[in-house]
Asks: 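Below: one structure in structure tokens.
Chain naming here is simple, since letters A, B, ... match the order of the sequence lines and numbering starts at 1 in each.
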Number of protein chains: 2
Amino acid sequence: MIFLEQHSKYRELLKREGIKNTKHRTAILEILEESDSPKTAEQLFISLKDKTASIDMSTVYRTLDTFTSKNLVVKSNRVDDGKALYEFNHHEHKHHLLCVGCHKLISIEDCPIGELQQILKRKIDFDITGHKLEIYGYCRDCKNFKEPSTDSEDV
Amino acid sequence: MIFLEQHSKYRELLKREGIKNTKHRTAILEILEESDSPKTAEQLFISLKDKTASIDMSTVYRTLDTFTSKNLVVKSNRVDDGKALYEFNHHEHKHHLLCVGCHKLISIEDCPIGELQQILKRKIDFDITGHKLEIYGYCRDCKNFKEPSTDSEDV
DNA sequence: TTCTAATTGCAACTGCCTTGCATTTGCACT
DNA sequence: AGTGCAAATGCAAGGCAGTTGCAATTAGAA
């Protein structure tokens, strides 16, 4: 029974953090872990309506806040409208490519910050503890449809 | 008269974009250009009250929207609360170091994206048009006071 | 100076998110 | 299994950043 295994996995996760196991919480963890891209609270709300009986938006927000403070979930803000985004914390270091054409989000492991870190340390005595890198552009499917390039400045 | 020179400079900027020259607009451009870090609409609103007679928040937002669409201003979102930030577009490529201790913002010209661009192009056929890189850590003044390092993960 | 479209102030409103409170529920301990 | 209590939830109201409709004002071209 895959479902049972899955749920006992989330149950352990919650127990480890010292918070109670509820159907809403496992449902939210499940949706987020299965999702390959960050979700807004409302997208989660809609998915949850299908999965569990019903849930209130305040519960969604409170649960996501709890998960974020426990580092089970990573919170960020969407670039265009500033809306909050939540994704399962896989504890791996990765960045996203955002396609400007179709808004697809592609995960990559490449990270060029390592070398920069040494340079900054030496040049201006700054100790890096974390960073955020977002890359915009056109994916393979969209690059052929983009308008005649204006000025590929700022790259 | 430095002030006159300054204002005629903004006047030209606005004329070039085909939008009218008003005291609010020059005031906003002036504040943003003189500021070394991005500002929220409300911070601007407060600065503006000192400078010009009075201004409405809706005017602030509308002006900033106009400037953003004309690329005179760059809009982003604050990391912690998602609030909108606006900064003068100096049309130079730079990134910021944000000190986690004192919240100082340090500008750097180092940018490690150039090399990454070739890699991504070759590996997954993705054309970069832009990117955003934020780096967090401790500046020289704060590094001595940071708490005994827990786990310098995610760097 | 005159005319017109752009800009502004005001007030009401939207949407995301939060909070207070009464009710329910998970779960540790018998 | 039953009990007790803190944690979690639903509901409704509220807070706050940002938006919008509209009438009054103003920049700037003719």
Side-chain angles (χ1 to χ4, degrees), chain A residues 7-8 10-31 38-49 51-70 72-73 75-86, chain B residues 7-8 10-29 31 38-49 51-70 72-86:
Chain A
H7 275 213
S8 71
Y10 297 129
R11 184 181 301 241
E12 279 175 38
L13 214 54
L14 295 169
K15 186 164 216 166
R16 200 182 310 152
E17 297 297 338
I19 56 179
K20 287 185 181 171
N21 168 44
T22 71
K23 63 177 182 203
H24 291 328
R25 288 184 169 169
T26 51
I28 288 177
L29 284 177
E30 194 169 1
I31 293 173
K39 290 206 163 337
T40 64
E42 202 189 351
Q43 289 173 319
L44 266 168
F45 179 71
I46 291 166
S47 305
L48 284 162
K49 289 249 229 181
K51 222 175 239 288
T52 78
S54 77
I55 189 171
D56 192 82
M57 275 301 285
S58 65
T59 304
V60 176
Y61 280 112
R62 275 193 277 231
T63 305
L64 289 170
D65 275 357
T66 305
F67 287 172
T68 303
S69 72
K70 299 288 184 185
L72 296 176
V73 158
K75 180 181 180 180
S76 57
N77 291 100
R78 207 192 260 157
V79 192
D80 52 353
D81 61 1
K83 212 173 279 190
L85 293 174
Y86 304 87
Chain B
H7 275 213
S8 70
Y10 297 130
R11 185 181 300 245
E12 279 175 39
L13 215 53
L14 294 169
K15 187 165 217 166
R16 200 181 312 153
E17 297 297 338
I19 56 179
K20 287 185 179 170
N21 168 44
T22 70
K23 63 177 183 207
H24 291 329
R25 288 185 170 167
T26 53
I28 288 178
L29 284 176
I31 293 173
K39 288 206 164 338
T40 64
E42 200 189 352
Q43 288 173 319
L44 266 168
F45 178 72
I46 291 165
S47 305
L48 283 162
K49 290 249 230 181
K51 219 174 243 286
T52 77
S54 78
I55 188 171
D56 192 82
M57 275 302 286
S58 65
T59 304
V60 176
Y61 280 113
R62 275 192 278 231
T63 304
L64 289 170
D65 276 357
T66 306
F67 287 172
T68 303
S69 71
K70 299 287 184 187
L72 296 176
V73 158
V74 178
K75 181 181 180 180
S76 58
N77 291 100
R78 208 193 258 156
V79 192
D80 52 352
D81 61 1
K83 213 172 279 191
L85 294 173
Y86 304 87

Asks: Could you give the CE-to-C1' distance, from A/M57 to C/dT18, as a whole number of Å?
Replies: 11 Å

Asks: Hey, is the side chain of B/Y61 poking within less than 4.0 Å of OP1 or OP2 on D/dG18, counting only N and O atoms?
Replies: yes

Asks: Rounded to the Å, how far apart are B/F67 CZ and C/dT7 C1'?
Replies: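 Computing the B/F67:CZ to C/dT7:C1' distance gives 12 Å.
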
Asks: Can you tell me how far C1' of C/dC16 sits from NZ of A/K39, to the nearest Å?
Replies: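 Result: 18 Å.
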
Asks: Could you tell me the separation between the CD atom of B/E17 and the P atom of D/dA27, rounded to a whole number of Å?
Replies: 20 Å

Asks: Considering just the side-chain nitrogens and oxygens of B/R25, establish if one lies under 4.0 Å of OP1 or OP2 belonging to C/dT7.
Replies: yes

Asks: Give the nucleotide from the list C/dT7, C/dA11, D/dA8 with an atom nearest to the side chain of B/S58.
Replies: C/dA11

Asks: For A/N21, which contact category applies under a 4.0 Å heavy-atom criterion: base, sugar-phosphate, or nothing?
Replies: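 Answer is sugar-phosphate: A/N21 comes under 4.0 Å of backbone atoms only.
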
Asks: Which one of B/I55, B/T40, B/D65 satisfies the side-chain contact (heavy atoms from CB on, under 4.5 Å) criterion with B/V60?
Replies: B/I55

Asks: Given atom CZ of B/R62 and atom P of C/dC10, what is their separation to the nearest angstrom?
Replies: 12 Å

Asks: Would you mind telling me which residue lines up with the more 5' stretch of DNA chain D, A/T63 or B/T22, judged by nearest nucleotide?
Replies: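 With A/T63 and B/T22 compared, the 5'-side residue is A/T63.
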
Asks: Name the closest nucleotide to the B/E42 side chain, picking from D/dG28, D/dA17, C/dT18.
Replies: D/dA17

Asks: With a 4.0 Å limit, can you tell me whether A/H24 has a side-chain N or O closer than that to the phosphate oxygens OP1/OP2 of C/dT25?
Replies: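 Negative; the distance criterion is not met.
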
Asks: Look at the side chain of A/R11 and the backbone N and O of A/N21, then say whether any donor-acceptor pair between them is shorter than 3.5 Å.
Replies: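 A pair under 3.5 Å: no.
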
Asks: Taking the side chain of A/D65 as its heavy atoms from C-beta onward, which of C/dG9, C/dC21, C/dT18 lies nearest to it?
Replies: C/dT18

Asks: So, under a plain 3.5 Å distance rule, would you say the side chain of A/R11 forms a donor-acceptor pair with the base of C/dG26?
Replies: no

Asks: Let me know, please, whether B/K15 or B/A41 comes out on the 5' side of the other along DNA chain D by nearest nucleotide.
Replies: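 Final value for this comparison: B/A41.
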
Asks: At less than 4.0 Å, is any side-chain N or O atom of A/K83 found next to OP1 or OP2 of C/dC16? Yes or no.
Replies: yes

Asks: Checking only heavy atoms, does the side chain of A/T40 share a donor-acceptor pair with the base of C/dC16 at less than 3.5 Å?
Replies: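 Answer is no: no donor-acceptor pair is held.
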
Asks: To 10°, what angle do the rotation axes through the five end pairs on each side of the helix from C/dT1-D/dA30 to C/dT30-D/dA1 form?
Replies: 40°

Asks: Please give, in whole Å, the distance from D/dA29 P to B/I19 CD1?
Replies: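 Whole-Å distance recorded here is 14 Å.
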
Asks: Which whole-number value in Å describes the distance from B/D56 CG to D/dA23 C1'?
Replies: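 In whole Å, D/dA23 C1' and B/D56 CG are 14 Å from each other.
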
Asks: Give the minimum heavy-atom separation between B/F45 and B/D56, together with the two atoms involved.
Replies: CE1-C, 4.2 Å

Asks: Which whole-number value in Å describes the distance from B/K20 NZ to D/dT25 P?
Replies: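 To the nearest whole Å, that distance equals 15 Å.
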
